[in-house]
Amino acid sequence: MAVTAKAIAAPSGTTSAPASKSFSSDFPQLLMGIVLIAMTGLGPSMLGNSYWEHTFQLVNIYVAVAVFQNFLFVDAGQKSFGQGAILGLGAYGFAIAVGLNGLPVIIGLLAGIVAATAGGLLFALPALRVQGFHLGFVTMSAGIVFPQLLVQFDWLTRGINGISVKLPGLTDPLLFGLSPMTLIVTLFPILALLLHFVLRQSPLGRRMRIAAESPEAARSLGIRPGFMRSLAFVIASVGTGISGVLYVPAVGFISPQGFLVDLSFVFFFAVVVGGRGQLLGPIIGIWIIHVLPTIILVQLIDYRLLVYGILTLLVVILFPDGVVGTFESWRRKRSQVGGGERGFRLDRFTDAIRSMVPVTGKPSDVPIIEVRNATKKFGQVVAIEDVDMVVRPGEIHGLVGANGSGKTSLLNVLTGLSRLNSGTYSFNGRDVTRVPADAIAKLGLGRTFQTPRMFPSLSVWDNIRIGLDARDEALEPEFATLAQSLDRDFANDSPALLSHGQRRLVEVVRVVFKQSSILLFDEPAAGLSPEERAEFADLVRLLSRTLGKAIILVEHDLDLVWGIADTITVLETGRVVASGAPAVLAKDPAVQHLFVGGRHA
Amino acid sequence: MLEVSNLTAGYGDIPVLRDVSLKVAPGEILLIGGENGAGKSTLLRAIAGFNRPSAGSVKLDGVELSGLPPEKIARDGLRLVLDGHRVFPELSVFDNLRMGTAARPGDRAGFGRAIEEIYAVFPILKDKSKAMARDLSGGQQQILALGQAFMARPKVLLCDEPSIGLAQALLPPILAFLRKWAESGTAVVIVEQHLAVTRPYTDRAMIIQRGQVALSCASSELDEKLEALQQARAQAYAAG
Amino acid sequence: MLSEIIIIVVRGIAIGSIFSIIAMSFNVVHNATGIFNFAQGNIFILGGFGAYLLANQVGLEIWLPVLILVTLAIGALVALQGWITLLPLHSSVEQDSWLISTVSVSVIIGAVLLLTLGPFPFNVQGPVPGFRLMGSKTPGAYGLAIAAMVAWYLVLRFFLRRTFTGLAISALSQDFDAARAAGLPVRRLQIAAFAISGLVAGSVGFMVAPMVSVSPDAGMRYVLNGFVAAVVGGIGNNTGTLIGGPLVGVIAMLTAYKIGGAYQDLASLLVLVTILMLWPQGLFGRAAARRV
């Protein structure tokens, strides 16, 4: 929790200046959200207006549900169109326990949470296999079926007659005209919002966002996307379930009619209209989608569905970022910092490495990677055939070959993204032929991607920090000092302003921080300027010679490979056609076809 | 006349090409060579509108093309044949050729003439006109892809690595066809790694390395200049 | 007993034909754009609404021209929807905005129906006479549904394989970049695909209105079952829907007969989840995934 305290304390100093250069506006949005919820939740009771008191009790429960929908949709990337059903499960769990069976409130609360979580886990199950519109349809279908089942299981739910629950103790005023109910339904959405904020600042939240935005990058950092998705569904379901429990005393009566699929759409639309991913979005969204048509335009109640359908359509077409998101992107454009020459430079990183004691002695002869007789087929197509490859600690190993020669397939095998049909692969002496990518990453394989994986919702420093998040051991003291200074200088910089070369370097620093004994660079030189190539070559040498990292370099720039590699393996149509020292290989006839103007075999 | 000046382009935010300029006149064939990943395909795709250049211009007969979507550029008379003999696999050979006329709408008579011409050059297309394109060999698919472009009678033809996935013996007839096509007044750009086979059919040559023009010369001088390039490199590698 | 089973199967196939048709209308748009139109169920119901308003209890001589008019009108409407949906997208599906916009269009159509008709389902009588099946009276619409499935399947097959526009739409789904390089007017073809999906779903909604309880919330049922039919048959594969639709229909009827009518959608949901968990490509998807 120390992280939390620091995270909250850190940006608070900047909030006094409106033109703050903070990368994220989560903190001011959190404060505004808390103020809005507190005002609408407590204000009416203190003024003695019971109509608005009851109205905003329900509104703030909806806000809480939308907050969890926002988290699930954006932070975890799961498009659920069935959160209304989860809310209903929470409500019915409580109402059946307390209203029908006279059990204590606390048991009812547990029953509601358990029911909602069970529903959420059912949603998570298909989410392990399918994403996108498939998941949308499954969850929407669950939203359609849920009220039908409530009617059918009338022995349990009383069917269309519904259940009424009265908890008089909750609604009696306590002080200043505030009843416990009022306090609870005001406090709960505030806690939900706080939880969302805290999660975002935490390593877990960052890792969840990475899993949502780029599952393969996540796996390369040791994250299991399926686990993250399930966890997100559980968190959202518990929160939505509690909202469902609160819904019962707030309304006093529940029936299947209250949980039609339209309700699920209200939450989803509220998030979109308010602004996907914005902390304040769900509040503004619920006000626009729910409060505006049902309360302000109460004489047009029949037009409610029409109004929110059209509003959502207009927002998607005209302001795809939503209301809060549109303001936020203006703010970002005006105040984003970073980029330019100083956007990200490598010298501090290389200085830190140079200040370390180089690994001594000859590089170990025990291979870190050993691939034997590896064959990988896709149906009838042979991607790699009978490939042998050995990489030792401290070695720079170039992997070259024409397009379609099998480099990418071999890379996918090495990283664990695909499994061999035959042959063996061992990592640090351990057989990993059947080990998944996230586990291989944890064993110490770090990689970069052809297109650097930058996460635009994270600051430049957070983009580096996700490497640290993947780490179990403490950093070397030199790197710890470096990390502090990077934190200081790049915590509010926008990755959108970095050039391609700078992004490439950020990614390299990330995987070095990730505790990798072998680094795999996938076409790192593509798109780098001549100066950046030279800088990159120096960096690779330093990583190998000083830190003792093994390096696999998949690269088309033959001059670069021949300039720095200790060993080069040449692939052609899935087979190794040559392997050895660069100077020897340069004369090998089997390699000539790679060089422009060279003879084709 | 195709005029590309100071083009900088890439995919996503990655600037693969830097400051590339070239000109091709009607009737002329330009050969572009370079190693894997040097940016040859990116150059053709940027010219044809598939990736938006971040700087520079692409002009066809003086009219700016850059910024237009690829389908519009095709209808303006610049036709890219993608690498990897890409045809529509579930369409018949004849229908694949028919799709070629999309870039030249309303010219039914022209289609009739063009299809007779292509059948005359590559009788295999006529023999297999009812077959699904997926059932053709790689070489036949490459011929079909070119035939489809031929239907559009473009002013400029860009041809990305016609040799990929083909037996090398199949390349000369394809190159001969391109030569003849160029002589009818079409400006042709061929990206190819098999320089020795391709060079004799072309007028000028250009080598791209790391996204920049490394050399540009008449095709007749290419072997000599490449030799010099190779020598320099061999020495560098030997030196370690 | 046997006759009961035959009746269930025939009725199941008839209802399943509707699911199959909706699945085909999904496929047309999906193959051309990568988009799945969540509003397709309400577009189908819109056809039934047209039948109720303009052609209830009329003879064939009025029914037929009104069918054509309503179909064309719905086609135009869905083309408009397609245009709006594609506005924020540059080429095809690089964002998820379409997910939201198609759901919101579905809600808008449902809301319009609610405002004009009220919440209750109503009955439509069509001009096609009923027939007797194993001694039980069966409305003519059941036969019409099966006929419509076969007819639309053949029409789409002809259109996508014989006409220039249809071939071009097929080409788009087979190789998007090659289609652009060939100069195919991508955006126009994608909007045409939307229009065709509207013609398919709208016309059948009109024809089978007598066997559907036309109501503002009925569309949800059809979008769900149509999607299940598409997934069972393999997304994008129209031939697969010929089996996927009737299969889902028969399962729904059997569920209604054995357990209760209210469990039909639950059965479909379970079928959907099972297929997605075990064979995400659909039962017939892998072999013919790229066929049209």
Side-chain angles (χ1 to χ4, degrees), chain B residues 12 41 44-45 47-52 68-92 94-106 108 111 130 132-134 141 144-154 157-160, chain C residues 27-28 30-33 83 86-92 94-95 156-193 234-240 284-292:
Chain B
S41 290
L44 293 198
R45 290 178 66 90
I47 295 173
F50 279 94
N51 14 11
R52 187 179 285 258
L68 296 177
E71 57 271 22
K72 175 81 177 70
I73 290 179
R75 271 173 280 161
D76 285 350
L78 186 147
R79 183 66 170 78
L80 168 65
V81 176
L82 293 157
D83 60 338
H85 40 89
R86 277 160 75 171
V87 289
F88 303 118
E90 305 295 329
L91 260 50
S92 72
F94 178 77
D95 288 332
N96 263 285
L97 292 173
R98 237 172 117 191
M99 288 301 109
T101 62
R104 197 184 177 84
R108 282 185 172 272
F111 174 64
K130 288 199 169 61
M132 286 289 162
R134 70 179 128 88
Q141 286 179 345
L144 179 57
L146 285 170
Q148 187 192 69
F150 187 73
M151 293 300 118
R153 301 279 182 159
L157 173 75
L158 311 179
C159 191
D160 196 357
Chain C
N27 284 342
V28 172
H30 181 70
N31 284 343
T33 61
W83 178 73
L86 291 164
L87 266 184
L89 305 169
H90 289 301
S91 54
S92 55
E94 69 266 359
Q95 301 151 36
L156 283 176
R157 201 179 150 93
F158 175 84
F159 171 74
L160 293 171
R161 294 187 179 184
R162 292 280 178 273
T163 66
F164 190 88
T165 306
L167 284 163
I169 290 177
S170 308
L172 216 58
S173 63
Q174 292 170 27
D175 192 330
F176 190 71
D177 275 0
R180 301 188 86 186
L184 294 175
V186 174
R187 190 48 60 97
R188 282 221 306 272
L189 292 170
Q190 290 177 326
I191 291 173
I235 283 173
N237 178 354
N238 277 352
T239 312
F284 315 97
R286 197 179 289 275
R290 300 206 62 83
R291 310 263 166 92
V292 187

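Numbers restart at 1 for each chain; the letters A, B, ... are given by sequence-line order, proteins then strands. All values below come from the heavy atoms of this structure, side chains included, with hydrogens, waters and symmetry mates left out.
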When only pairs under 4.5 Å are counted, which of B:Val81, B:Leu82, B:Asp76, B:Leu80 shares the most heavy-atom pairs with chain C?
B:Leu82
Just by modelled atom types, is the C:Leu160 backbone N or O under 3.5 Å from a matching donor or acceptor in the C:Ser170 side chain?
yes
With sequence neighbours left out, the residues meeting side-chain contact (heavy atoms from CB on, under 4.5 Å) with B:Val87 are B:Asn96, B:Ala133, B:Gln141, B:Leu144, B:Ala145
Side chain, backbone, both or neither: which part of B:Arg104 has a non-hydrogen atom closer than 4.5 Å to chain C?
neither
Contacts of type salt bridge (charged side-chain N to carboxylate O under 4.0 Å, His left out), residue B:Arg98, not counting sequence neighbours
B:Asp95
Heavy-atom pairs under 4.5 Å with chain C are the metric here; pick the option from B:Gly49, B:Ala149, B:Ala102 that has the most.
B:Ala102
Could you check if a side-chain atom of C:Ser173 sits within less than 4.5 angstrom of a side-chain atom of B:Glu90, using non-hydrogen atoms only?
no
Cut-off 4.5 Å, heavy atoms of chain C, and the answer for B:Leu91 is both
